[in-house]
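Contents: one structure, followed by commentary.
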Amino acid sequence: MYKFKDEDITSELKNEILSLYKQKNTIEAIARNEKMFYKDVVFILQKKGFPLNVLKPDIPNMKIDSNSAIFSADYHFGSIKENLDYVKLLYDYAVKNNINDIYILGNLFHGNNSYVTYDMKNPEDQVEHVIESFPFDENIKLHILFGNRDYEVLSRYSEGIDILREREDFDLLGFQSTYVLWQDQYLTLYHNINKYNINVPKHGNNLLNIRGDNYGFEIRDNNVICLPPMCDLVLGKSKTQLSGLPNVGFIEAKISDDELNVSSCEIGFRKVVKHESVIKRELKKK
């Protein structure tokens, strides 16, 4: 059984993780042996006094190696609002543009809430639905950060974590928050889960904050990007939402020539429309 609930992460477990790391066990080995998510071990070590710049050489699993990636959120598999056509269009776009990393920032599943389909009320059925229905491409890695609806599903059916891991293209990041190292700077990824306390410790050199659970595209303070959904569950526009940007879609982020470019990509009828860059930022020199 995976340890991811607050009651699972005891003070005794935290001290054991610290001891194992001091004994030169790798973070990957600790996470595997303790049945924990990789980033949770990193966060615990940070809070135990290891600065991120000390841990950085030991966290290759939290890096983007390519120069482009897609960030998306809120698929709600198991809902009458899910839309597999959107997912196929996203994969077609990634293949066409040679993008090998797709991130999901929460709510891959819908849970047992309003709009759940009659045959998807059990968490086992939603996990099986994702395994069977999500596209597969041998060149694409799907990095999944779980959100509040996923927490509901996997709290009731924790075996689902191991079942999801059976897909070789799935990289399970854990719950609520993580960061990703990209060319020596950090992206913070987030999807709120009430009463979940294993969160990203503060760190410097943050390039962008990207959030799911907004159900409409929004940029806050030129640093926080709130993602539109990848389903038909659109809850209305925020007052600060930029006019003309998508209610359904994803963002593409690309680094080239020491510059970050973030573009919004709108999913329409049988096509993806890429808008002009919504954020351009010169990267700090190493």
Q. Is it the case that more than 12 heavy atoms not belonging to Lys35 sit under 6.0 Å from its NZ atom?
A. yes
Q) Below 4.5 Å, heavy atoms only, C-beta onward: do Phe77 and Glu82 meet side chain to side chain? A) yes
Q) Is Tyr190 reachable from Ile219 through a run of hydrophobic residues whose side-chain heavy atoms are each under 4.5 Å from the next? A) no
Q) Any donor-acceptor pair under 3.5 Å linking the side chain of Asp150 with the backbone of Leu108? A) yes
Q) Between Gln176 and Ile193, is there a donor-acceptor pair closer than 3.5 Å when you use the side chain of the first and the backbone of the second? A) yes
Q) Any side-chain heavy atom of Asn148 within less than 4.5 Å of one from Asn194? A) no
Q) Looking only at atom types and distance, does a side-chain atom of Ser72 sit under 3.5 Å from a main-chain N or O of Tyr103, one as donor and one as acceptor? A) yes
Q | Minimum side-chain heavy-atom gap Lys271-Val273 below 4.5 Å | A | yes
Q. Do Asn100 and Asn139 meet the criterion of a side-chain donor-acceptor pair at a distance under 3.5 Å?
A. no
Q. Does Lys3 NZ have over 12 foreign heavy atoms under 6.0 Å away?
A. yes
Q: Using the side-chain hydrogen bond (donor to acceptor under 3.5 Å, both in side chains) rule, take Asn122 and Tyr157 through it: C-alpha gap first, then chi angles, then the decisive distance, then the call.
A: CA-CA 9 Å; Asn122 294 321; Tyr157 182 52; over 6 Å; no
Q: Before giving the answer on side-chain hydrogen bond (donor to acceptor under 3.5 Å, both in side chains), spell out for Ser66 and Asp101 the whole-Å C-alpha distance, their side-chain angles and the decisive distance to 0.1 Å.
A: CA-CA 8 Å; Ser66 58; Asp101 294 288; 3.1 Å; yes
Q: Check the angle between the aromatic planes of Phe109 and Phe146 and answer parallel, tilted or perpendicular using the 30° and 60° thresholds.
A: parallel
Q.
Would you say the ring centers of Phe43 and Tyr179 fall short of 6.0 Å from each other?
A. yes
Q) Are the side chain of Asn25 and the backbone N or O of Leu20 linked by a donor-acceptor pair below 3.5 Å? A) yes
(Q) Can you confirm whether Met120 sits close enough to His110 that some side-chain heavy atom of one is under 4.5 Å from a side-chain heavy atom of the other? (A) no
Q. Going hydrophobic residue to hydrophobic residue with side-chain gaps under 4.5 angstrom, can you get from Val41 over to Phe37?
A. yes
Q) Would you say the ring centroid of Tyr215 lies under 6.0 angstrom from that of His76? A) yes
Q) Does Met230 offer a backbone N or O that forms a donor-acceptor pair with the side chain of Asp74 under 3.5 Å? A) no
(Q) I'd like to know if Leu89 and Val248 are part of one continuous hydrophobic network [Ile/Leu/Val/Met/Phe/Trp/Tyr, side-chain heavy atoms within less than 4.5 Å]. (A) yes
Q) Taking everything shown except Lys280 itself, do over 12 heavy atoms lie less than 6.0 Å from its NZ? A) no
Q: Look at the side chain of Glu252 and the backbone N and O of Ser68, then say whether any donor-acceptor pair between them is shorter than 3.5 Å.
A: no
Q. Going by heavy atoms in the side chains, are Tyr93 and Ile70 under 4.5 Å from each other?
A. yes
Q: Please work out which of the three classes, parallel, tilted or perpendicular, describes the rings of Tyr91 and Phe134, given edges at 30° and 60°.
A: perpendicular
Q. Distance-only, no hydrogens or angles: does the Lys81 side chain make a donor-acceptor pair with backbone N or O of Val116 under 3.5 Å?
A. no
Q. If we only count heavy atoms from C-beta on, is the Ile131 to Glu166 side-chain gap below 4.5 Å?
A. no
Q) Looking only at atom types and distance, does a side-chain atom of Lys48 sit under 3.5 Å from a main-chain N or O of Asn15, one as donor and one as acceptor? A) no
Q: Compare all side-chain heavy atoms of Phe170 with those of Ile144 and state whether any distance is below 4.5 angstrom.
A: yes
Q. Sub-3.5 Å donor-acceptor pair from the side chain of His143 to the main-chain atoms of Asp171, do we have one?
A. no
Q. Does any non-hydrogen side-chain atom of Arg281 lie less than 4.5 Å from one of Asn223?
A. yes
Q) Around Asp221, counting heavy atoms of other residues, nucleotides and ligands shown, do more than 12 lie under 6.0 Å from its CG? A) no
